[in-house]
Colleague: 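Before I ask anything, let me first share the structure, which is written out below as structure tokens.
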Amino acid sequence: MTEAGRTGTTGLGHRLHHALSAPLHHLTGATGRRWRPVMFCAAVDLLGGDSEQCGPLIAAFEMLHTGSLVVDGIQDESPLRRGRPSVHTVFGASKALHAGTAAYFLWDRAVQLSFPDDAERGGELRTVLLSALRAGHAGQALGLQGHRERWTAPWLTATGTPFWTSSV
């Protein structure tokens, strides 16, 4: 394949961008405070790390979260996410699902970029991240099985209203 075929407006790179990146950028381009990356940087620095070295990892975490919002939007048929039309309403459910789940794998490359000479730390990070992904998926599966009441019940008063809105 020629360079023009890989990078042009009809090439593989363009098609991959449209299939995977554009749906995610639809959400990341929405207005917001971006508090997760700011808090992540602050935590890394507070614990004696270098948040600049972790930049790719921090960005990948934000994309992982964005991917989970894309998938969740499909599951609960939300018309809006972050104040704009949900990804699946703009790109279709198939492209949204593919882009959302692809975002789960960006962190692997980010670990390599953040810690290229530290295989042990990279392995530890991969273990933690895979555990978090499994836990997230388990929670989502329970939600789909109707266990939301068990999760929300501790937050409700005897009258069924959220405790933070009750005067009691």
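We're numbering straight along the sequence, starting at 1. Basis for what follows: all heavy atoms, side chains included, without hydrogens, waters or symmetry-related copies.
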Colleague: Which residue pairs pass the ring-ring contact (aromatic ring centres under 6.0 Å, His included) test when at least one of the two sits in residues 106-136, sequence neighbours left out?
Modeller: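 Passing the test, one end in residues 106-136: no pairs.
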
Colleague: Is any side-chain heavy atom of Asp118 closer than 4.5 Å to a side-chain heavy atom of Glu120?
Modeller: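 The answer is yes; the side chains approach within 4.5 Å.
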
Colleague: Measure the OG-CZ distance between Ser51 and Phe40 for me, rounded to the nearest 0.5 Å.
Modeller: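 That separation rounds to 10.0 Å.
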
Colleague: When rounded to the nearest 0.5 angstrom, what distance separates CG in Leu46 from CE in Met39?
Modeller: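 Going from CG on Leu46 over to CE on Met39, the span is 9.5 Å.
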
Colleague: Quick one: are Val44 and Leu57 in side-chain contact, heavy atoms under 4.5 Å?
Modeller: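 Not touching, per the 4.5 Å side-chain cut-off.
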
Colleague: In this structure, are over 12 heavy atoms from other groups packed under 6.0 Å from Glu52 atom CD?
Modeller: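 It does not: Glu52 CD has 12 such atoms or fewer within range.
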
Colleague: Once you round to the nearest 0.5 Å, how far does SG of Cys41 lie from CD1 of Ile58?
Modeller: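 Reported to 0.5 Å precision, the distance equals 3.5 Å.
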
Colleague: For a quick test of reading the model, state the closest non-hydrogen atom pair linking Gly73 to His88 and the distance between them.
Modeller: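 In terms of heavy atoms, the two residues are closest at O-CE1, 3.1 Å.
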
Colleague: Let me see the working for Phe105 and Leu64 under side chain to side chain contact (heavy atoms under 4.5 Å, CB included), right down to the final yes or no.
Modeller: CA-CA 8 Å; Phe105 304 104; Leu64 190 151; over 6 Å; no

Colleague: Is Val111 linked to Leu133 within one hydrophobic cluster, defined over Ile, Leu, Val, Met, Phe, Trp and Tyr using a side-chain heavy-atom separation of less than 4.5 Å?
Modeller: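 Cluster IDs for Val111 and Leu133 match.
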
Colleague: Compare every heavy atom of Pro85 with every heavy atom of His26, then report the nearest pair and how far apart it is.
Modeller: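 Distance-wise, the nearest heavy atoms are NE2-O, 2.7 Å.
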
Colleague: Just verifying a value: how many Å separate Ser86 OG and Leu80 CG, rounded to the nearest 0.5 Å?
Modeller: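 Separation between the atoms: 6.0 Å.
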
Colleague: Do Asp72 and Arg81 touch side chain to side chain, with heavy atoms closer than 4.5 Å?
Modeller: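 Counting from C-beta outward, Asp72 and Arg81 do come under 4.5 Å.
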
Colleague: Compare all side-chain heavy atoms of Phe61 with those of Leu129 and state whether any distance is below 4.5 angstrom.
Modeller: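 Yes, at least one pair of side-chain atoms sits under 4.5 Å.
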
Colleague: Side-chain contact test, heavy atoms from C-beta onward, threshold under 4.5 Å: evaluate it for His18 versus Lys95 and give yes or no.
Modeller: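 Yes, side chains in contact.
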
Colleague: Could you go step by step and tell me if Thr66 and Arg82 meet the side chain to side chain contact (heavy atoms under 4.5 Å, CB included) rule?
Modeller: CA-CA 10 Å; Thr66 299; Arg82 293 183 175 170; 3.6 Å; yes

Colleague: Rounded to the nearest 0.5 Å, what separates atom OG in Ser21 from atom CG in Leu106?
Modeller: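 Atom-to-atom, Ser21:OG and Leu106:CG are 8.0 Å apart.
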
Colleague: Of all the heavy-atom pairs spanning Ile74 and Leu97, show the shortest one and how long it is.
Modeller: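 Residues Ile74 and Leu97, closest heavy atoms: CD1-N, 3.5 Å.
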
Colleague: Mind listing the closest non-hydrogen atom pair of Ser114 and Gln53 along with its distance?
Modeller: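 Looking at all heavy atoms of both residues, the closest pair is O-NE2, 2.9 Å.
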
Colleague: Decide if atom NE2 of His98 counts as having more than 12 heavy atoms of other residues, nucleotides or ligands within a radius under 6.0 Å.
Modeller: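 Not buried by this count: 12 neighbours or fewer within 6.0 Å.
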
Colleague: So do Leu27 and Leu69 actually touch side chain to side chain, heavy atoms under 4.5 Å?
Modeller: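 Heavy-atom side-chain distance check passes, below 4.5 Å.
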
Colleague: Would you say the side chain of Val87 lies within less than 4.5 Å of the side chain of Leu24, judging by non-hydrogen atoms?
Modeller: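 Of all side-chain heavy-atom pairs linking Val87 with Leu24, none is under 4.5 Å.
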
